[in-house]
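Order of the sequence lines fixes the chain letters, A, B, ..., with proteins taken first and strands second; residue numbering starts at 1 for each chain. The basis for the numbers below is simple: all heavy atoms, side chains too, and nothing from hydrogens, waters or symmetry mates.
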Protein chains: 2
Amino acid sequence: MTRKLRSKAPARTTYRHGDLRRALLEAGIALARAGGPDAVVLREATRRAGVVPNAAYRHFASRQDLLEAVRSAALSELAKTMEAEIALVGRGKSGEAGARANLRAVGAGYLRFALTETGLFRTAFATPEFRGFTGDPARAGDSGLGPFELLSAALDQMAQAGSLPAERRPGAEFLAWSAVHGFAMLVIDGPLHTVSRGDIHAIGERVIAMVEKGL
Amino acid sequence: MTRKLRSKAPARTTYRHGDLRRALLEAGIALARAGGPDAVVLREATRRAGVVPNAAYRHFASRQDLLEAVRSAALSELAKTMEAEIALVGRGKSGEAGARANLRAVGAGYLRFALTETGLFRTAFATPEFRGFTGDPARAGDSGLGPFELLSAALDQMAQAGSLPAERRPGAEFLAWSAVHGFAMLVIDGPLHTVSRGDIHAIGERVIAMVEKGL
DNA sequence: TAGCGTATGTGGACGGTGTATACATCGTAT
DNA sequence: ATACGATGTATACACCGTCCACATACGCTA
């Protein structure tokens with residue numbers, strides 16, 4: 001009796017989930033997809049995994065930590081969507097026309113993801129201590145590149161094709177990114193909700209045109 | 001005894017706060033200023049107002065309702081900051097140079113607010129059912145105009161001055177707004193956190209230049 | 001001036017959340 | 001076979017938003 005002796009119930013449940021970490025992550029992704037970052041609540045994720053709340057703490061240090069993992073996944077999905085759009089345009093085409101098409105594809109993919117997977121998109125930018133839009137494999141698409149790097153590559157291509165003066169190349173990704181990101185945010189956050197879905201698309205085109213011309 | 005008879009304690013506190021609604025709103029604003037939308041928690045606001053949690057429900061239907069009021073105030077502060085920046089540049093100046101200066105002031109004010117009052121800025125765009133960037137006096141600055149309308153006015157001025165072709169005027173505010181808003185978001189949400197504060201300012205300038213040229 | 005109705009604040013409770021601490025169970029290496 | 005570390009459970013706490021019944025005080029009418 002020197003040992004602790006305060007048992008209660010036998011607990012005949014499964015134990016050993018198999019891959020709980022993955023299950024929790026996927027539950028978290030599903031929650032984020034449906035309701036954005038605030039919707040990824042730890043207890044609900046464990047519930048969906050068929051496990052008691054605290055079990056999560058064996059795999060994630062905190063809710064914030066889980067959310068971070070979900071965000072990584074969201075970032076990766078964003079990159080994949082962008083890659084898909086690029087592929088659709090025909091990746092190999094070089095020359096000025098190809099470079100422009102590529103840049104447009106990057107922007108279009110970004111916007112498509114924001115409008116289609118709003119919850120994940122919001123989650124991808126959920127604030128606390130960001131860090132990481134780059135080549136971290138966890139947050140990259142199939143090509144191994146993250147969203148930011150896909151954009152960078154598109155701009156490099158434009159510079160090589162001569163559509164973008166070399167002296168304006170450095171930092172240009174921030175400008176382009178700002179425009180597209182801002183448009184996406186304004187649409188999903190409401191300010192442009194009065195505008196019809198069709199017009200949204202048209203304005204999106206103009207945003208990208210502004211970038212091409214204004215860089 | 002037909003009446004309810006289940007009293008408990010005399011309760012000798014103040015009662016009749018004076019203007020609780022205002023106190024709660026201001027507490028909410030302070031919380032949002034310090035920590036963004038998630039930080040405006042109802043119980044804390046009532047605590048700061050020196051009142052029991054439920055008292056809030058006499059003035060706000062829910063936490064969401066309080067948050068909405070705070071957002072209105074944040075929007076109004078944004079408009080004020082923009083107005084201040086416009087005034088600084090010298091409002092009256094017309095002509096092409098004046099129009100450009102005005103547009104720049106609008107953008108600069110927007111960015112200043114985003115970087116200075118990050119919590120309020122985030123709160124101003126806290127999602128659920130947006131609606132209202134326009135002339136609602138509650139969310140306008142001293143001039144009675146909201147942020148969106150200040151931008152619109154600046155673009156009108158540019159069109160009149162001939163710096164912006166008339167056929168490109170319609171919808172131009174969405175393009176300009178997107179660029180500036182996106183830049184602000186990227187800065188405060190982290191992706192550009194690696195960039196130094198000084199460079200941020202420089203890039204902000206380039207964003208506005210891109211807008212001027214790309215519209 | 002007395003009384004009363006209503007606006008405003010209080011008290012207590014409920015279900016939900018994140019998380020800490022102690023315990024039970026299981027796979028595995030010795 | 002056994003001891004141990006990894007994984008899941010049980011229990012508990014503080015905090016949150018919100019519902020309900022009740023207490024109090026202000027301002028109107030009589």
**Study point:** B/Arg104 bridged to B/Glu85 by N-O distance under 4.0 Å
**Key:** no
Point to revise | A/Leu20 CG to D/dT9 C1', straight-line distance once rounded to whole Å | key: 13 Å
Check your understanding: If you look at every heavy atom in A/Leu78 and A/Pro147, which pair is closest and at what distance?
Key -> CD2-CG, 3.8 Å
Practice item. Quickly work out the A/Glu44 CD to C/dT17 P distance and round it to whole Å. Key: 7 Å
Check your understanding: How would you label the contact of B/Val52 with the nucleic acid (heavy atoms, under 4.0 Å): base, sugar-phosphate, or nothing?
Key -> base
**Study point:** Which atom of B/Met158 lies closest to which atom of B/Leu103, heavy atoms considered
**Key:** SD-CD2, 3.3 Å
Practice item. Assign each of B/Arg58 and B/Ala61 to its nearest nucleotide of DNA chain D by heavy atoms, then name whichever residue's nucleotide is nearer the 5' end. Key: B/Ala61
Study note, to complete from the structure: Checking C/dG9, C/dG18, D/dG8 against the side chain of B/Val51 (C-beta onward), the nearest is C/dG9
Check your understanding: Ignoring hydrogens and angles, are the base of C/dG9 and the side chain of B/Asn54 linked by a donor-acceptor pair under 3.5 Å?
Key -> no
Check your understanding: So what does B/Arg43 hit on the nucleic acid, given a heavy-atom distance under 4.0 Å: a base, only sugar-phosphate, or nothing?
Key -> base
Point to revise | Salt-bridge criterion met for B/Glu83 and B/Lys80 (N-O under 4.0 Å) | key: no
Check your understanding: Atom CG of B/Leu66 to atom P of D/dG17: distance rounded to whole Å?
Key -> 9 Å
Review point. Taking OH from B/Tyr57 and P from C/dA13, how many angstroms apart are they, rounded to a whole number?
Key: 18 Å
Exercise for review: Send over the distance from A/Asp19 CG to D/dG8 P, rounded to a whole Å.
Suggested key: 9 Å
Practice item. Find the distance A/Leu24:CG to C/dG18:C1' and express it as a whole number of Å. Key: 15 Å
Practice item. Return the value, rounded to whole Å, for the distance between atom CG of B/Leu42 and atom P of D/dG17. Key: 5 Å
Review point. Given C/dG9, is OP1 or OP2 found less than 4.0 Å from the side-chain N or O atoms of B/His59?
Key: yes
Exercise for review: Check whether any side-chain N or O of B/Arg63 sits under 3.5 Å from a backbone N or O of B/Val40 as a donor-acceptor pair, and report yes or no.
Suggested key: yes
Point to revise | Spacing between B/His17 atom NE2 and D/dC26 atom C1', to the nearest angstrom | key: 16 Å
Check your understanding: Which part of the nucleic acid does B/Arg47 contact within heavy-atom distance under 4.0 Å: base, sugar-phosphate only, or nothing?
Key -> sugar-phosphate
